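What follows is one structure encoded as structure tokens, with my remarks underneath.
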Amino acid sequence: MDVFVSWSGGKDCTLSCYRAMKEGHNVRRLATMATIELGRMYPHHLTADVLECQAKAMDIPLKVAWTQSSTYTETYIKMLKEFRKEGITGGVFGDVSLGNPDMDEHLEWVQHVCKAADMEVILPLWNEDRTSLITDLIDSGFKAMIIAADNCQLDDNWIGKIMDHKMLAELKSLHSNSSGGKVGLYHTLTVDGPLFKKRMEILESEVIFKEYGLLDGKPTKCPFWYLDIKRCGLAEKTDLVSSKL
């Protein structure tokens, strides 16, 4: 069917988009919500310009809907109804259920917004463990860069690193050695891979430290780091990563 992909720019939405395409769905749009209060897409702290650059690299149209936190769901449904008028009948979401304490809440919200727009929900990553998902992402040839990390279990040394099998092993070690099985909170930006016609280049950026705020929509006292990307561009692909499914 014709679908949109709920888009954050990171590894999970990238892999869900990739799998949806492999299943035969026609991805017509990427859909991103940006909060007026922050001036960016939350919680990755990416600007609309960065996401537009990424969308151009994949040659898939991006819709950025600006909203206030109090009207987030209302704005999202309005965006989906506009998509439905264009003939889009399904929504692809990168939600992960295993190990996610908020999975029921996430699923209920996704089903609510899609039902309001008469759309089908597609969850390509549901009921699959994170090790399997990250392994598939890496083995498929995607390059996902760490652009945000907490300062409680991780630190600023993670910022800018590309996810690979060595990093996956480190994350698994953190998980097994932590008291609560936590590896820390982090977010990514996908800069290359089989969906990309061109690769993204970060041309100017700054690592920012935040003393407090929100992570994954919840108040936290844990400081965190994020990569403030001020300028990015596109470059011809010079590696062996295919731009075809």
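Just so it is clear, the model here is predicted, and its values are computed rather than measured.
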With sequence neighbours excluded, what pairs up with [X] under the side-chain contact (heavy atoms from CB on, under 4.5 Å) test?
| X | answer |
| --- | --- |
| Ile36 | Trp66, Gln68 |
| Arg130 | Val96, Asn100 |
| Ser97 | Met103, Trp126, Asn127 |
| Met1 | Val3, His25, Thr89, Glu120, Ile122 |

Open item on the list: I'd like to know whether CD of Glu108 has more than 12 heavy-atom contacts from other residues, nucleotides or ligands below 6.0 angstrom.
Closed with: no
Task: Within 6.0 angstrom of Lys161 NZ, more than 12 heavy atoms from elsewhere - done: yes
Open item on the list: Can you give me the closest heavy-atom contact between Ala31 and Leu62, atom names plus distance?
Closed with: N-CD1, 4.4 Å
Open item on the list: Strictly by ring pair (Phe, Tyr, Trp, His ring centres under 6.0 Å), give each pair with a member in residues 147-174 just once, sequence neighbours left out.
Closed with: none
Task: Pairing of Arg84 and Asp118 as salt bridge, 4.0 angstrom limit - done: yes
Task: Glu86/Lys63 salt bridge by N-O under 4.0 Å criterion - done: no
Task: Asp129 side-chain N/O to Ser132 backbone N/O, donor-acceptor pair under 3.5 Å - done: yes
Task: Donor on one side chain, acceptor on other, Thr67 and Tyr76, under 3.5 Å - done: no
TODO: Answer with yes or no whether the side chains of Trp225 and Asp155 bring together a donor and an acceptor at under 3.5 Å.
DONE: no
TODO: Let me know which of Val92, Leu30, Ile60, Val64 forms a side chain to side chain contact (heavy atoms under 4.5 Å, CB included) with Trp7.
DONE: Leu30
Open item on the list: Quick check on side chain to side chain contact (heavy atoms under 4.5 Å, CB included): which of Glu74, Lys81, Met79 does Ile77 satisfy it with?
Closed with: Lys81
TODO: Please lay out, stage by stage, how Leu15 and Thr190 fare under the test side chain to side chain contact (heavy atoms under 4.5 Å, CB included).
DONE: CA-CA 10 Å; Leu15 186 59; Thr190 309; over 6 Å; no
Open item on the list: If the condition is salt bridge (Lys or Arg N to Asp or Glu O under 4.0 Å), which residues does Lys230 pass it with, not counting sequence neighbours?
Closed with: Glu206, Asp228
TODO: Quick one: do Ile134 and Met167 satisfy side chain to side chain contact (heavy atoms under 4.5 Å, CB included)? Show the steps, please.
DONE: CA-CA 10 Å; Ile134 295 176; Met167 181 186 291; over 6 Å; no
- [ ] Just say parallel, tilted or perpendicular for the rings of His187 and His44, cut-offs at 30° and 60°.
- [x] tilted
- [ ] Apply the test side-chain hydrogen bond (donor to acceptor under 3.5 Å, both in side chains) to residues Ser140 and Asp136: give CA-CA distance (whole Å), side-chain angles for both, the deciding distance (0.1 Å), then the verdict.
- [x] CA-CA 6 Å; Ser140 295; Asp136 188 17; 3.1 Å; yes
Task: Aromatic contact, Phe224 with His45 (centres under 6.0 Å) - done: yes
- [ ] For residues Phe4 and Phe93, establish whether the separation of their ring centroids is below 6.0 Å.
- [x] yes
